[in-house]
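I have placed the structure first, in the form of structure tokens, so that the comments after it can refer back to it.
Position 1 is the first residue of the sequence; numbering continues from there.
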Amino acid sequence: MDLDKTSLFAAVKSKLNWLTQRQEVLAQNIANSDTPRFRATDLKPFEFREILRQEKIQLNMDVTSAAHQPGRRKRIRDFAEQSVRHPFETSPSGNSVILEEQMAKMNETNAKHRLVTQLYKKHLAMLSQAVRAR
């Protein structure tokens, strides 16, 4: 049984991917906090409805024989980035990174990652218990 094809586990995996990418974007913002004219960016919020819509758009060729050509696999686009249009504060060098704000977002992302991981573990335990009960 492939758990990645189960919609609940796929949604959890997608959320974990979003959190990982957000952590990378925030780390990049912090790393460039002294770079002149650097604009802070963040990912668009994780919208479950939009993720489902992207899953429906993805159409790949189904290969049922070794003689079939798989074609070019379409990949679901990574999560889009957005820049802050009107930053709260900008330094004289044009840098819009506020370290306190970025650290708060890092903590929020870390807490959500722990929550989603716990949810994943609970669902695995529930599934395991259901299989053992048979």
Side-chain angles (χ1 to χ4, degrees):
M1 178 176 186
D2 188 10
L3 292 179
D4 285 342
K5 292 182 180 177
T6 309
S7 61
L8 177 67
F9 287 101
V12 168
K13 186 178 175 184
S14 181
K15 178 73 174 185
L16 287 173
N17 285 338
W18 182 85
L19 290 168
T20 301
Q21 286 187 19
R22 186 172 194 223
Q23 194 80 3
E24 290 174 8
V25 168
L26 296 174
Q28 188 177 26
N29 288 344
I30 292 171
N32 288 300
S33 64
D34 288 335
T35 305
R37 289 178 285 194
F38 182 82
R39 308 291 285 182
T41 57
D42 198 355
L43 294 182
K44 288 185 177 178
F46 184 83
E47 299 284 341
F48 186 69
R49 181 179 297 170
E50 188 171 326
I51 298 302
L52 285 179
R53 187 181 58 80
Q54 288 177 350
E55 293 281 340
K56 287 180 183 175
I57 292 173
Q58 184 182 17
L59 295 174
N60 291 318
M61 298 286 289
D62 195 16
V63 179
T64 56
S65 167
H68 292 167
Q69 294 292 323
R72 188 172 170 187
R73 304 290 295 178
K74 289 185 179 176
R75 182 172 169 240
I76 296 175
R77 211 173 79 201
D78 290 340
F79 303 101
E81 288 184 23
Q82 63 182 10
S83 63
V84 179
R85 289 185 173 189
H86 303 290
F88 178 71
E89 187 175 296
T90 304
S91 71
S93 67
N95 188 308
S96 69
V97 176
I98 303 170
L99 284 177
E100 293 83 8
E101 180 185 359
Q102 299 301 314
M103 295 305 287
K105 287 181 179 180
M106 292 278 276
N107 283 335
E108 175 192 336
T109 303
N110 191 18
K112 285 183 179 178
H113 192 276
R114 272 187 270 134
L115 176 70
V116 173
T117 305
Q118 288 294 323
L119 187 65
Y120 183 80
K121 286 179 183 175
K122 291 285 183 186
H123 284 286
L124 272 180
M126 188 172 66
L127 197 63
S128 167
Q129 188 175 12
V131 169
R132 270 189 256 138
R134 282 183 152 190

**Request:** Calculate, to the nearest 0.5 Å, the distance between atoms CG and CZ belonging to Leu16 and Phe46 respectively.
**Result:** 9.0 Å
**Asked** Has Asn107 got more than 12 heavy atoms of other residues, nucleotides or ligands less than 6.0 Å from its CG?
**Response** yes
**Request:** Please assess Asp42 against Lys105 for the test side chain to side chain contact (heavy atoms under 4.5 Å, CB included), listing each intermediate value before the final yes or no.
**Result:** CA-CA 9 Å; Asp42 198 355; Lys105 287 181 179 180; 3.3 Å; yes
**Approximate separation, where rounding is to 0.5 Å, of Arg22 CZ and Lys15 NZ** = 9.0 Å
**Request:** Without swapping roles, check the side chain of Asn95 against the backbone of Pro36 for a donor-acceptor pair under 3.5 Å.
**Result:** no
**Message:** Using 0.5 Å steps for rounding, measure from the NZ atom of Lys112 to the CG atom of Leu115.
**Reply:** 9.5 Å
**Prompt:** Any chain of hydrophobic side-chain contacts (each under 4.5 Å) joining Phe38 to Leu43?
**Reply:** no
**Request:** Determine yes or no for a side-chain-to-main-chain donor-acceptor pair under 3.5 angstrom, with Asn32 supplying the side chain and Gln28 the backbone.
**Result:** yes
**Request:** Please round to the nearest 0.5 Å and tell me the distance separating atom CD1 of Ile30 and atom CE of Met106.
**Result:** 4.5 Å
**Item:** Closest heavy-atom pair and its distance - Ala40, Ser96
**Value:** N-OG, 2.9 Å
**Request:** Tell me, with the steps shown, if Leu19 and Gln23 meet side chain to side chain contact (heavy atoms under 4.5 Å, CB included).
**Result:** CA-CA 6 Å; Leu19 290 168; Gln23 194 80 3; over 6 Å; no
**Prompt:** Rounded to the nearest 0.5 Å, what separation is found between the CD atom of Gln102 and the CG atom of Asn29?
**Reply:** 4.5 Å
**Request:** To the nearest 0.5 Å, tell me how far Glu108 CD sits from Leu26 CG.
**Result:** 9.0 Å
**Message:** Taking Lys44's backbone N and O only, do any of them form a donor-acceptor pair with Trp18's side chain (distance below 3.5 Å, no angle check)?
**Reply:** yes
**Message:** Is there a path of hydrophobic side-chain contacts, each under 4.5 Å between heavy atoms, that joins Ile98 and Met103?
**Reply:** no
